[in-house]
Amino acid sequence: MSEPNDNSTASTLKTTTVPPTPSNRREDFISRIKSTKTTRWIRFGIVSLVFFLWIIWLGNPWVLFVYPLLFDIYITGYIPFTWWKNSKSHLTRAVMSWVDAIVYALILVYFVFTFIGQNYEIPSSSLEKSLLVGDYLWVNKMAYGPRVPQTPLHFPLVQNTFPVINTKSYLEWPQWKYHRLKGLGNVETGDIVVFNFPAGDTVAVKMQNPDYYTLVKYFGRDVVWNNPEQFGEILYRPVDRRENYVKRAVGLPGETLSIVDGTIHINGKPQPQPTNVQFNYLLQTTRPLTESDWQTISVSRDDWSQAAFTPNSSDTENWLAAGFQPDAAASKPFYHVPLTQAAIDKLKSMGLVTSIIREPAPAGEYLFPDGISSTWTRQNYGPVKIPKKGETVKVTAENWPMYERVIRNYEYHPDSYVKDGIVYIDGKASDSYTFMMDYYFMMGDNRDCSLDSRYWGFVPEDHIVGKPMRVLVSFDKDKGLLNGGIRWNRIFKNANPGFSE
């Protein structure tokens with residue numbers, strides 16, 4: 001954790017049993033300084049320079065109170081951090097040397113992960129094929145500016161829960177206000193971004209997928225809270241300890257977003273689709289597809305399912321009109337599968353496609369904002385106006401569901417509500433609101449298999465973690481390590497492909 005003080009005189013003075021007088025303390029202090037080697041002063045100077053530059057970057061002069069501790073570690077040595085080195089017990093020296101190295105490494109990891117960057121794993125297929133399940137990414141936290149930790153006392157190697165023992169990996173106190181340091185740039189349209197899950201402020205520990213708010217919609221709040229054997233304890237998590245998600249930024253602060261037949265429109269103008277954008281299809285093939293076929297079009301086993309042709313169903317007429325053959329279901333099976341245009345072209349070139357149609361979005365999904373799903377679908381959605389810092393909007397009972405969570409939860413005005421058709425903010429009748437932060441609309445490239453802003457709303461700027469830069473390593477869970485399980489072609493691959501890559 002600290003470097004040993006190689007000041008032999010200071011070490012001798014520290015072991016004295018005579019209570020020091022003020023004069024002795026002064027002499028002791030001077031002696032320690034004089035006996036400090038030049039090389040140690042040089043190391044202390046370098047550390048001091050880095051420390052002061054860091055404080056300037058932080059913009060928080062209160063951190064200067066830590067400086068006397070650094071001075072003691074490198075120069076005076078009053079605090080016996082390395083007491084164990086003088087122990088007569090070989091076991092004590094051996095154990096403490098490992099403890100010292102581990103603590104030092106954890107402190108270093110804490111600062112690197114907090115202010116520079118961190119590795120993250122892609123756990124779901126929402127960004128396929130831009131990023132794959134099993135990709136391990138290096139995420140640059142300096143790209144948009146690192147956040148000063150809002151929950152500073154946390155274990156750096158886990159997000160919120162220690163594995164196995166299933167206990168919190170952080171202390172809820174102290175909590176610091178949101179502050180982001182100067183970064184290299186801002187979130188741009190098309191950036192793939194890592195962020196804390198906004199709806200992850202409250203979690204049911206035994207059932208975190210779907211999220212707590214979706215569970216409440218399905219089962220009701222009383223059921224979720226009163227059945228801990230099924231849902232587990234209900235916990236609140238601070239912003240920076242919420243689960244990490246990764247999506248593509250498709251809407252920026254102040255923009256108006258809508259989706260028309262799967263195409264995103266910004267301020268009324270259609271936007272280009274990512275090269276690897278995927279949609280769900282109903283596919284009929286000339287024969288059952290083999291594992292080799294699925295590998296050829298890069299579709300994981302978990303991503304497709306075989307469909308059944310149900311006579312007299314609401315989809316029957318559409319399927320028949322598209323050329324599907326219900327009498328040939330056994331030899332020419334149906335599949336539900338997300339596909340890129342390149343995968344469709346490949347299947348057709350292999351002569352395997354009998355018929356294919358885009359699956360319509362189901363009606364009645366729980367879309368954002370609440371109550372809108374009767375008219376919107378994930379393929380035809382909006383318009384929504386994305387909040388922008390400093391921008392003032394008119395708030396009414398009609399648009400309150402769009403901005404309620406922003407005002408109440410993200411910008412901390414809990415005493416805000418609608419009563420008798422009137423909007424109250426902080427308990428006072430209001431007809432307008434000025435936003436305190438920027439917000440973003442995030443979506444996955446696997447458009448029909450992505451739980452994103454269409455379901456849980458805007459991403460506040462204080463939830464932004466960083467920008468994926470490179471794939472460090474990638475593992476294919478459908479294969480063994482010695483049988484193609486490592487995707488060698490993805491190592492150090494760009495982890496932030498744009499719309500045209």
*Asks:* Hey, which of D462, D240, N244 is the one that makes side-chain hydrogen bond (donor to acceptor under 3.5 Å, both in side chains) with N196?
*Replies:*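 That would be N244; it is the only one of D462, D240, N244 passing the side-chain hydrogen bond (donor to acceptor under 3.5 Å, both in side chains) with N196.
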
*Asks:* Indicate the ring-plane relationship of F368 and F458, choosing parallel, tilted or perpendicular according to the 30° and 60° boundaries.
*Replies:*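 Aromatic pair F368/F458 classed perpendicular.
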
*Asks:* Quick one: pull up OG in S355 and NZ in K332 and give me the separation to the nearest 0.5 Å.
*Replies:*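 Answer for the OG-NZ pair, S355 versus K332, is 9.0 Å.
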
*Asks:* More than 12 non-hydrogen atoms from neighbouring residues, nucleotides or ligands closer than 6.0 Å to CG on N186, yes or no?
*Replies:*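 Not buried by this count: 12 neighbours or fewer within 6.0 Å.
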
*Asks:* I want to know whether Y213 and Y366 have ring centres closer than 6.0 Å.
*Replies:*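 That pair fails the under 6.0 Å test.
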
*Asks:* Can you confirm whether the side chains of Y144 and E461 place a donor and an acceptor under 3.5 Å from each other?
*Replies:*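 There is no such pair between these side chains.
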
*Asks:* Given the rule in the ring pair (Phe, Tyr, Trp, His ring centres under 6.0 Å) test, do F162 and F155 qualify, once you have shown the distances and angles that lead to the verdict?
*Replies:* CA-CA 9 Å; F162 282 113; F155 192 77; 5.3 Å; yes

*Asks:* Using atom types as modelled, flag every donor-acceptor pair under 3.5 Å from a side chain in residues 260-270 to any protein atom, sequence neighbours excluded.
*Replies:*
| unit_1 | atom_1 | unit_2 | atom_2 | d |
| --- | --- | --- | --- | --- |
| H265 | ND1 | T263 | O | 3.0 |
| N267 | OD1 | T256 | N | 2.9 |

*Asks:* Could you grab the distance from atom CZ of R470 to atom CZ of F492, nearest 0.5 Å is fine?
*Replies:*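 Answer rounded to 0.5 Å: 9.5 Å.
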
*Asks:* Take atom CH2 in W57; do more than 12 heavy atoms of anything else shown fall under 6.0 Å from it?
*Replies:*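 Enclosed.
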
*Asks:* Under the criterion side chain to side chain contact (heavy atoms under 4.5 Å, CB included), I'd like the reasoning laid out for F115 against L181: C-alpha separation, chi angles, the key distance, then a yes or no.
*Replies:* CA-CA 9 Å; F115 296 102; L181 305 182; 3.9 Å; yes

*Asks:* If you take the centroid of each ring, where Trp contributes its six-membered ring, are Y281 and F279 closer together than 6.0 Å?
*Replies:*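 No; Y281 has its ring centre 6.0 Å or more from that of F279.
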
*Asks:* Check for me whether the distance between the ring centres of F231 and Y212 falls short of 6.0 Å.
*Replies:*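 Not under 6.0 Å, so no.
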
*Asks:* Do you see a donor-acceptor pair shorter than 3.5 Å between the side chains of T151 and Q175?
*Replies:*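 Yes, side-chain donor-acceptor contact under 3.5 Å.
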
*Asks:* Side chains of D100 and S97: donor-acceptor distance under 3.5 Å anywhere?
*Replies:*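 No.
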
*Asks:* Between the side chains of E365 and R454, is the shortest nitrogen-to-carboxylate-oxygen separation below 4.0 Å, so that they form an ion pair?
*Replies:*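 Here R454 does not pair with E365 in a salt bridge, since their nearest N and O are not under 4.0 Å apart.
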
*Asks:* Scan residues 438-451 for pairs that pass side chain to side chain donor-acceptor pair (under 3.5 Å), counting only residues two or more places apart or in two chains.
*Replies:*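 Pairs touching residues 438-451 that pass the test: S130-D445, K247-S450, R248-D445, Q273-R447, Q278-N446, R378-D448, E411-Y439, S450-D452.
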
*Asks:* Is the shortest side-chain N to carboxylate O distance from K493 to D135 below 4.0 Å?
*Replies:*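 Not counted as a salt bridge, because no side-chain N and carboxylate O are separated by less than 4.0 Å.
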
*Asks:* How are the rings of F111 and W54 set to each other: parallel, tilted or perpendicular (split at 30° and 60°)?
*Replies:*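 Answer is perpendicular, since the angle exceeds 60°.
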
*Asks:* Passes side chain to side chain contact (heavy atoms under 4.5 Å, CB included), I259 versus M443? Steps please.
*Replies:* CA-CA 11 Å; I259 304 173; M443 288 176 57; 3.8 Å; yes

*Asks:* As an exercise, state the distance from CD1 of I192 to CG of N494, rounded to the nearest 0.5 Å.
*Replies:*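 So the CD1 of I192 and the CG of N494 are separated by 8.0 Å.
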
*Asks:* Given N160, which partner from the list E243, R241, R242 fulfils the side-chain hydrogen bond (donor to acceptor under 3.5 Å, both in side chains) test?
*Replies:*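 Answer after filtering E243, R241, R242: E243.
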
*Asks:* Indicate whether the side chain of D293 and that of T296 have a donor and an acceptor atom separated by less than 3.5 Å.
*Replies:*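 No - no donor-acceptor pair under 3.5 Å links their side chains.
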
*Asks:* Would R490 count as a cation-pi partner of W488, with NZ or CZ less than 6.0 Å from the six-membered ring centre and within 45° of the ring normal?
*Replies:*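 No.
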
*Asks:* Roughly how far, to the nearest 0.5 Å, is the OH atom of Y236 from the CD1 atom of I234?
*Replies:*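 Answer for the CD1-OH pair, I234 versus Y236, is 15.0 Å.
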
*Asks:* Parallel, tilted or perpendicular: which fits the ring planes of F197 and W456, with parallel below 30° and perpendicular above 60°?
*Replies:*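 Rings of F197 and W456: perpendicular, as their planes differ by over 60°.
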
